[in-house]
> 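Provided herewith is a single structure, encoded as structure tokens, for subsequent inquiry.
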Amino acid sequence: MPELPEVETTRRGLEPHLRGQPVTRIDIRQPRLRWPVPEAIQNFRGHSLRNLKRRGKYLIFNFGEDYWLWHLGMSGSLRLLPPEAAPAAHEHVRVDFGNGPTLRYRDPRRFGALLCGSGDPLHHPLLADLGPEPLSDAFDGAWLHERCQRRSSAIKTVIMDSHVVVGVGNIYACESLFLAGINPKTRANRLSPGRAERLARSIRDVLSAAIDQGGTTLRDFTRSDGQPGYFAQRLNVYGQNGDCPRCGRGIRRIVQAQRSTFYCPGCQH
DNA sequence: ATAATAACCTGAGGGC
DNA sequence: TGCCCTCAGGTTATTA
């Protein structure tokens, strides 16, 4: 479900409510996520949340010395609900902070993860080798072009590789390539510096616009307050089966690396 | 190192 | 209604 804009939307929705609040209760209703939720998570009772950060699609709950890493996987969502609200189906984790609303984690497919650690979270094995943030200065056309040099696979799968750049999932990969006018099947090492520059800019623009819209709600993504994201109205190719809004040719669907790719054969070369 | 594939799960929707 | 198939916003582990 969530790519970078949805995770960032979640972070922005949660942080003002949770920052500075102590964890008063942790209820793991289903520990079997992508990896088992560590027993040590219970040790955080009484700890106060310093801040809530994001790296790629990971949320980082900072508690000073220790931290949680929370990944929403394919179908995960975090919401704030009143303490008395009954748990929804597939609500696997509930965390009470102070006396305010309670944090609920719902994840039907259980591809998400809740892990904990101490020290610098950026040194965690899952984060240590990640590529740059797409909205930071570290990510630009030169970096992208350099990382494409040794890659003969399709450009679409390369921009979805978190070691190249983080946060670009299936929707935004398709949309970025459309915006840049690049065929998703193009071999990465055949992308000119100029086209890499254009693609890097498109990725930034698409992700920024999606964050501004509160992310994309296709089926069940909701912001932490239950509202949907509105970027779905701006999708040009992803999930579309009609004609291209720019040139009128039919949008095509193909499969790359076991994922659907949508593109316009008229606009993307 | 890179590339391709399977694997982890549940639910929705279409066709018959 | 039920069954079978395909599809779904992610990532890692394993194998060539």
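Here is the naming used below: chain letters follow the sequence lines, and residue numbers restart at 1 for every chain. Worth knowing before you read on, the calculation uses all heavy atoms, side chains too, and leaves out hydrogens, waters and symmetry mates.
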> Using the P atom as the point on both nucleotides, what is the distance between C:dC3 and B:dC9, in whole Å?
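Comparing P positions in B:dC9 and C:dC3 gives a spacing of 23 Å.
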> Side-chain polar contacts of residues 165-172 of chain A - donor-acceptor pairs under 3.5 angstrom, sequence neighbours left out - could you list them?
unit_1, atom_1, unit_2, atom_2, d
A:Asn170, OD1, A:Lys156, NZ, 2.5
A:Asn170, ND2, A:Ser260, O, 3.0
A:Tyr172, OH, A:Glu6, OE2, 2.6
A:Tyr172, OH, A:Thr216, OG1, 2.6

> Salt bridge check, A:Asp107 against A:Arg109: does any charged N sit closer than 4.0 Å to a carboxylate O?
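A salt bridge is absent here (no side-chain N lies under 4.0 Å from a carboxylate O).
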> Could you give the CG-to-C1' distance, from A:Leu115 to C:dG10, as a whole number of Å?
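Taking atom C1' of C:dG10 as the reference, CG of A:Leu115 is at 15 Å.
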> Does C:dA8 have OP1 or OP2 under 4.0 Å away from a side-chain N or O of A:Ser260?
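So the side-chain polar atoms of A:Ser260 do come within 4.0 Å of the phosphate oxygens OP1 or OP2 of C:dA8, strictly under.
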> For A:Arg147 and for A:Ala257, locate the closest nucleotide of DNA chain B by heavy-atom distance; then report the residue assigned to the nucleotide nearer the 5' terminus.
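Comparing both residues, the 5'-ward one is A:Arg147.
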> For B:dA12 versus C:dT11, give the span between their P atoms, rounded off to a whole number of Å.
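Those two atoms are separated by 23 Å.
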> What's the CD1-P distance between A:Ile171 and C:dC7, to the nearest Å?
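Roughly 17 Å, once rounded to whole Å.
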> Sugar-phosphate means primed atoms, P, OP1 and OP2; the rest is base. With that split, encode nucleotides 11-16 of chain C 5' to 3' as B, S or - using protein heavy atoms under 4.0 Å.
BS----
> Can we say A:Arg147 and A:Asp161 salt-bridge, meaning some charged N sits less than 4.0 Å from an Asp/Glu carboxylate O?
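Judged by the 4.0 Å cut-off on N to carboxylate O distance, A:Arg147 and A:Asp161 do not form a salt bridge.
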> Look at the rings of A:Tyr67 and A:His124 and say which category their plane angle falls in: under 30° parallel, 30 to 60° tilted, over 60° perpendicular.
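Geometry flag for A:His124 against A:Tyr67: perpendicular rings.
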> How close do A:Cys244 and A:Phe178 get, heavy atom to heavy atom, and via which atoms?
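Of all heavy-atom pairs spanning A:Cys244 and A:Phe178, the closest is SG-CE1, 3.8 Å.
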> Could you pull out all residues at least two apart from A:Asp27 that satisfy salt bridge (Lys or Arg N to Asp or Glu O under 4.0 Å)?
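Once residues adjacent in sequence are excluded, the partners of A:Asp27 under the salt bridge (Lys or Arg N to Asp or Glu O under 4.0 Å) criterion are A:Arg25.
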> Using atom types as modelled and distance alone, determine if a side-chain donor or acceptor of A:Ser224 lies under 3.5 Å from a backbone N or O of A:Leu80.
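Such a contact is absent between A:Ser224 side chain and A:Leu80 backbone.
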> Will you find, in the side chains of A:Gln256 and A:Arg259, an N or O donor that is under 3.5 Å from an N or O acceptor?
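The answer is no; no qualifying pair exists.
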> Could you state the atom-to-atom distance from CD of A:Gln240 to P of C:dC7 in whole Å?
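One finds 18 Å between P of C:dC7 and CD of A:Gln240, rounded.
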> In this structure, how many angstroms lie between the C1' atom of C:dG10 and the CG atom of A:Leu59, rounded?
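To the nearest whole Å, that distance equals 14 Å.
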> Taking 4.0 angstrom as the limit, do A:Glu91 and A:Arg104 come out as a salt bridge?
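Result for this pair is yes, salt bridge flagged.
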> Does anyone know the first and last nucleotide of DNA chain B in reach of chain A, 5' to 3', at under 4.0 angstrom to a heavy atom?
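Here the contact window of chain A covers B:dT2 to B:dG11.
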> Is there a donor-acceptor pair under 3.5 Å between the side chain of A:Gln149 and the backbone N or O of A:His145?
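Yes; at least one donor-acceptor contact below 3.5 Å.
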> Could you go through residues 49-63 of chain A and list every donor-acceptor pair under 3.5 Å that involves a side-chain atom there, pairing it with any protein atom two or more places apart or in another chain?
unit_1, atom_1, unit_2, atom_2, d
A:Asn51, OD1, A:Asn62, ND2, 2.7
A:Arg54, NE, A:Glu8, OE1, 2.8
A:Arg54, NH1, A:Gly56, O, 3.0
A:Arg54, NH1, A:Glu133, OE1, 3.0
A:Arg54, NH2, A:Glu133, OE1, 3.3
A:Arg55, NH1, A:Gly131, O, 3.1
A:Arg55, NH1, A:Glu133, OE2, 3.0
A:Arg55, NH2, A:Leu130, O, 3.4
A:Arg55, NH2, A:Gly131, O, 2.7

> Starting at the 5' end of DNA chain C, what dot-bracket string do you get if Watson-Crick and G-U pairs under 3.5 Å are bracketed, crossing pairs use [ ], other-strand pairs use | and unpaired bases use dots?
.|||||||.|||||||
> Tell me the interatomic distance from A:Tyr238, atom OH, to C:dC7, atom P, rounded to whole angstroms.
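A:Tyr238 atom OH is separated from C:dC7 atom P by 12 Å.
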> Would you measure the distance from the P atom in B:dG11 across to the matching atom in C:dT12 and give it in whole Å?
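Going atom to atom, P in each nucleotide, I get 25 Å.
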